[in-house]
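Everything numeric here is computed off the predicted structure, so don't read it as measured data.
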Amino acid sequence: MSIWSDVDNTVLGEDDFQSVHDAVGTLAGVWWPFGAALGMSPSSLREIDQADRGIPAQCLFNAIDKWLRQDYSYVKHGLPSWRRLVIAVESNTGGQNAALAKKIAQSHRIAPGPTSESPGDEMQSEVLPPYEDQHEVIPEPAGGTQVGPAGGTQVEPAGGTQVGPAGGTQVEPAGGTQ
């Protein structure tokens, strides 16, 4: 789980340009590594650099524009969102600015509840199967010993042992039923 999992992961678009630019405008001096951290390829970054004659503020402007228009490998790097932006701002290979990342994150917290995850995001919830499906049945010779799911030792009488839903042991007498 990401340390930024409570930052808004709603997909951003071109309408969000001004808010994003206002948030990261101070990163003009590191626009190239920042653009790379957002997921832009070196060839896209070269195109921006050449088109803008290497002027940092203009290069950052156009890198943000390309990012918000999803003109990069968003399937691999994730769709534009405040969470992705914060990760790129903090990244050692991107903006390298943990204080700015924290400031942006605090301004764009999500409300508790379900969220929409974008591709490439590492936050996933794990759903465990019902109790019965979590344990493998291991055949044991009559009267043998085996380690149960909770790590305790269970001694099986000739009839066998079953593990109950709460992890308790139910002994089945030899030749009988419960």
Note to self: For residues 47-60, which residue pairs pass the side chain to side chain donor-acceptor pair (under 3.5 Å) check, not counting sequence neighbours?
What the structure shows: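 Every pair satisfying side chain to side chain donor-acceptor pair (under 3.5 Å) with a residue in residues 47-60: Asp52-Asn62.
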Next item on the list: List in chain and number order the residues that pass salt bridge (charged side-chain N to carboxylate O under 4.0 Å, His left out) with Arg46, two or more places apart in sequence or in another chain; answer none if no residue qualifies.
Entry: none
Of all the heavy-atom pairs spanning [X] and [Y], show the shortest one and how long it is.
| X | Y | result |
| --- | --- | --- |
| Val7 | Ala105 | CG2-CB, 3.5 Å |
| Lys66 | Tyr72 | O-CD2, 4.2 Å |
| Asn9 | Ser81 | OD1-OG, 2.9 Å |
| Ala37 | Ala88 | CB-CB, 3.8 Å |

Checklist line | side-chain contact (heavy atoms from CB on, under 4.5 Å) partners for Glu14, two or more places apart | finding: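 So Glu14 forms a side-chain contact (heavy atoms from CB on, under 4.5 Å) with Asp65, Arg69.
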Checklist line | side-chain contact (heavy atoms from CB on, under 4.5 Å) partners for Asn97, two or more places apart | finding: Leu27, Val89, Ala99, Leu100
Next item on the list: Could you pull out all residues at least two apart from Asp22 that satisfy side chain to side chain donor-acceptor pair (under 3.5 Å)?
Entry: Gln18
Note to self: Among residues at least two apart in sequence or on other chains, which ones pass side chain to side chain donor-acceptor pair (under 3.5 Å) with Ser107?
What the structure shows: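 Side chain to side chain donor-acceptor pair (under 3.5 Å) list for Ser107, sorted by chain: empty.
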Answer yes or no: is there a donor N or O on one side and an acceptor on the other, between the side chain of [X] and the main chain of [Y], under 3.5 Å?
| X | Y | value |
| --- | --- | --- |
| Ser91 | Thr93 | yes |
| Glu90 | Val86 | no |
| Arg84 | Leu38 | no |

From [X] atom [atom1] to [Y] atom [atom2], the distance as rounded to the nearest 0.5 Å:
| X | Y | atom1 | atom2 | value |
| --- | --- | --- | --- | --- |
| Ile64 | Cys59 | CD1 | SG | 11.5 Å |
| Ser19 | Ile104 | OG | CD1 | 11.0 Å |
| Trp67 | Leu79 | CH2 | CG | 9.5 Å |

Next item on the list: Please collect all ring pair (Phe, Tyr, Trp, His ring centres under 6.0 Å) contacts where either partner lies in residues 35-62, sequence neighbours excluded, each pair once.
Entry: Phe17-Phe61, His21-Phe61
Check: Can you pull the ring pair (Phe, Tyr, Trp, His ring centres under 6.0 Å) pairs that have at least one residue in residues 26-53, sequence neighbours excluded?
Finding: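 For residues 26-53, and leaving out neighbouring residues, there are no ring pair (Phe, Tyr, Trp, His ring centres under 6.0 Å) pairs at all.
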Notebook entry, point to check: Same hydrophobic cluster for Val75 and Ile87, using side-chain heavy-atom links shorter than 4.5 Å among ILVMFWY?
Noted result: yes
Notebook entry, point to check: Can you find a heavy atom in the side chain of Leu68 that is under 4.5 Å from one in the side chain of Pro80?
Noted result: yes
Margin query: Listing request: all salt bridge (charged side-chain N to carboxylate O under 4.0 Å, His left out) pairs with a residue in residues 98-109, at least two apart in sequence or in separate chains.
Written below: Asp6-Arg109
Notebook entry, point to check: Given Met40 and Asp71, is the side chain to side chain contact (heavy atoms under 4.5 Å, CB included) satisfied, shown in steps?
Noted result: CA-CA 8 Å; Met40 290 182 208; Asp71 189 6; over 6 Å; no
Next item on the list: Go through the structure and list residues passing ring-ring contact (aromatic ring centres under 6.0 Å, His included) with Trp82, not counting sequence neighbours.
Entry: His108
